[in-house]
There are 2 protein chains.
Amino acid sequence: MNPTIQDVARLANVSIATVSRVLNNQPGYSEKTKQKVLETIEELGYQPNAIARGLVNRKTSTIGVLFPSVSGLLSAEILHGIEAKAHQHGNSVIVCNTAENREKTIKYLQVLREKRVDGLIFVSEEVTEEYYELFRGMDIPVVLVSTQSYQYPLPYVKVDDRHAAYAATRHLIEEGHTKIGMIAGSPDDPIAGSPRIEGYRLAMREAGRSLEDSLVETCSSFQYNDGKSGFSSLMNRHPELTAIFAASDELAIGAISAAYKESIRIPDDVSIVGYDNLLLAEMSVPPLTTIAQPFGRMGERAVQMIIDLMNGEEAESTILPHELVIRDSVKRR
Amino acid sequence: MNPTIQDVARLANVSIATVSRVLNNQPGYSEKTKQKVLETIEELGYQPNAIARGLVNRKTSTIGVLFPSVSGLLSAEILHGIEAKAHQHGNSVIVCNTAENREKTIKYLQVLREKRVDGLIFVSEEVTEEYYELFRGMDIPVVLVSTQSYQYPLPYVKVDDRHAAYAATRHLIEEGHTKIGMIAGSPDDPIAGSPRIEGYRLAMREAGRSLEDSLVETCSSFQYNDGKSGFSSLMNRHPELTAIFAASDELAIGAISAAYKESIRIPDDVSIVGYDNLLLAEMSVPPLTTIAQPFGRMGERAVQMIIDLMNGEEAESTILPHELVIRDSVKRR
DNA sequence: TTGTAAGCGTTATCAT
DNA sequence: ATGATAACGCTTACAA
């Protein structure tokens with residue numbers, strides 16, 4: 001069925017070593033035999049067996065990616081970048097959806113180890129000691145995306161959450177708002193939670209604005225429904241607010257939905273800025289002003305780092321720039 | 001670094017054959033040696049090398065998935081189902097983003113062939129003769145998702161587009177609308193284009209409604225921007241419309257945006273029903289009434305079919321049921 | 001320039 | 001119940 005290097009060698013009247021040489025274009029054969037080999041490869045439709053290669057080279061040209069959720073809008077965009085860059089460098093990517101579940105994650109890590117992937121990309125999730133030990137056992141490059149580890153020396157690529165949140169809040173302030181609330185993630189989340197809250201507070205303090213704790217509504221996730229309920233309870237507590245910074249686009253869209261239900265007009269009554277710039281930010285009504293994270297490039301950069309690491313080079317952790325994307329959900333006061 | 005079966009054998013004072021036996025729990029050893037082997041496996045932290053296994057078993061437990069776009073909301077949901085089911089059966093999935101590009105697709109097919117994947121899932125794209133020949137050359141199970149082939153005998157899983165579009169239109173009719181337009185894909189698209197148009201026309205004809213061609217606005221894609229422009233030109237041509245069936249949620253959301261800009265109220269002035277039921281349908285303002293495609297289950301089913309096929313069983317093409325999800329974008333007349 | 005042969009880490013077929 | 005050993009399809013010294 002699938003012809004092997006043996007078949008090619010036989011038909012071309014050379015040894016498998018020679019075929020292997022032209023395949024990997026190493027020196028050691030005449031132009032004539034090269035042609036002959038190439039012809040019979042063509043004739044047979046021969047394709048090298050990557051599995052056999054992997055066995056001898058101890059290299060699979062495959063990288064594993066662990067996501068907390070594949071169906072999430074956010075993961076999809078990161079995956080896109082990873083996939084593109086990986087294939088561009090001749091690598092394939094195996095996707096794993098951990099669902100933020102310990103057992104699943106461990107299982108996946110085992111599978112990826114058995115499959116001898118050359119590198120690992122770990123997205124949007126905290127690295128526990130258990131995971132870290134597993135990483136070490138695999139002895140391959142690991143890079144973190146949209147997360148980082150304070151305890152373990154793992155390179156990462158992400159944006160500066162604190163700074164980005166500052167920029168979002170700052171925008172609201174510059175547009176003349178003084179009563180600004182925030183719909184945030186959990187303060188216990190050291191990656192996407194507290195830094196964004198700090199960024200908000202920083203901007204507020206700097207502008208001499210009120211810093212009451214009750215101004216920030218903390219949610220247990222960054223999803224739509226939390227935005228919805230978060231908006232209601234926040235506005236209930238602080239009807240005087242004219243602007244809100246939501247720590248994710250989903251949260252922001254949830255807030256917009258809730259506002260719509262309560263006949264609060266966006267942005268006429270209250271302005272909103274989101275965070276992420278997912279595809280859906282642009283589709284929102286009104287289109288959402290938000291902080292863009294360069295998801296695609298984050299994925300690409302992560303792959304580049306993995307590849308550098310595989311080549312024995314250093315790979316510096318990277319902070320990618322965020323960007324304020326102005327659309328129609330903020331009104332000047 | 002990574003211990004091999006040799007290391008285990010040596011340390012346990014048995015042959016590699018015996019270790020292999022307990023690993024694959026085949027008969028042929030005493031309970032005592034089994035324990036000893038298991039212990040030393042534990043001790044060494046041995047994990048079998050799937051690459052070596054793949055070489056001898058001619059089976060990689062890996063399936064390749066080809067998408068026209070990974071960042072699309074739709075693909076993400078299908079991928080989720082595929083990933084879950086695949087891992088549940090001990091298979092990994094390699095993702096490939098063809099970007100609907102011939103060269104890329106061919107390149108990916110080659111890579112997947114070299115990597116000796118056990119099966120292929122081909123999503124939302126037309127199967128050309130070239131692709132089909134490549135499939136045949138690989139000699140592995142292939143299943144189509146959200147598409148089908150009239151020329152080649154490839155099993156598929158999808159919904160009945162014609163019927164689903166009929167149901168959407170029918171809903172509008174039952175809600176008392178008589179002037180109903182459609183924002184559609186390309187009539188030349190035999191999968192997601194013409195069948196949905198036909199479903200719409202079927203319902204209209206059945207209800208004795210007008211069937212003018214100008215009532216359906218055809219777009220070159222199913223994306224947001226087309227929905228936006230499509231809505232404007234359709235309403236311009238037919239200001240009397242009170243309802244629109246959009247052939248995708250993105251198209252529908254685009255229409256809603258355009259309506260918002262032109263101060264046309266949804267659903268008070270015109271009702272809209274979408275198609276797909278993406279996550280974003282629920283987040284829309286107003287929440288979108290739409291036809292749900294069971295993307296997750298489609299992915300799962302496809303994997304199940306691949307697995308059945310690998311086991312030499314038959315796999316029937318499957319039409320999964322669609323469902324009308326009623327939210328707030330349709331108003332009774 | 002070319003070929004032989006020893007691995008790579010398994011499984012599977014024989015013997016014993 | 002166990003152990004040699006030949007594959008699996010390739011790469012890479014080492015010979016010639």
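What you see is a predicted model, and the numbers here were worked out from it, not measured in a lab. We use all heavy atoms of the structure for the numbers below, so side chains are in, but hydrogens, waters and symmetry mates are not. Chain letters run A, B, ... following the sequence lines, proteins first, then strands; residues in each count from 1.
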Whole-Å distance, A:Asn49 CG to C:dC8 P, equals 18 Å
Nearest whole angstrom, please: distance from the C1' of C:dG9 to the CG of B:Leu44. 15 Å
Which nucleotide in the set [options] lies at the smallest distance from any side-chain heavy atom of [X]?
| X | options | result |
| --- | --- | --- |
| B:Leu55 | C:dT4, D:dC10, D:dC8 | D:dC8 |
| A:Ser20 | D:dG3, D:dT11, C:dT10 | D:dT11 |
| A:Ile16 | D:dC10, C:dA12, D:dG9 | D:dC10 |
| A:Pro48 | D:dT12, C:dG3, D:dC10 | D:dC10 |
| B:Ser15 | D:dT12, D:dT2, C:dT11 | D:dT2 |

Hey, are B:Arg136 and B:Asp139 close enough for a salt bridge, meaning a charged N less than 4.0 Å from a carboxylate O? no
Contact residues, residues 21-36 of chain B to DNA chain D [heavy atom, < 4.0 Å]: B:Arg21, B:Gly28, B:Tyr29, B:Ser30, B:Thr33
If you compare every side-chain N and O of [X] against the phosphate oxygens of [N] (OP1, OP2), does one of them come in below 4.0 Å?
| X | N | result |
| --- | --- | --- |
| B:Arg58 | D:dA7 | no |
| B:Thr4 | C:dG9 | no |
| A:Arg53 | D:dG9 | no |

Main chain of A:Thr60, side chain of A:Asp118: is a donor-acceptor contact present, judged purely on distance under 3.5 Å? yes
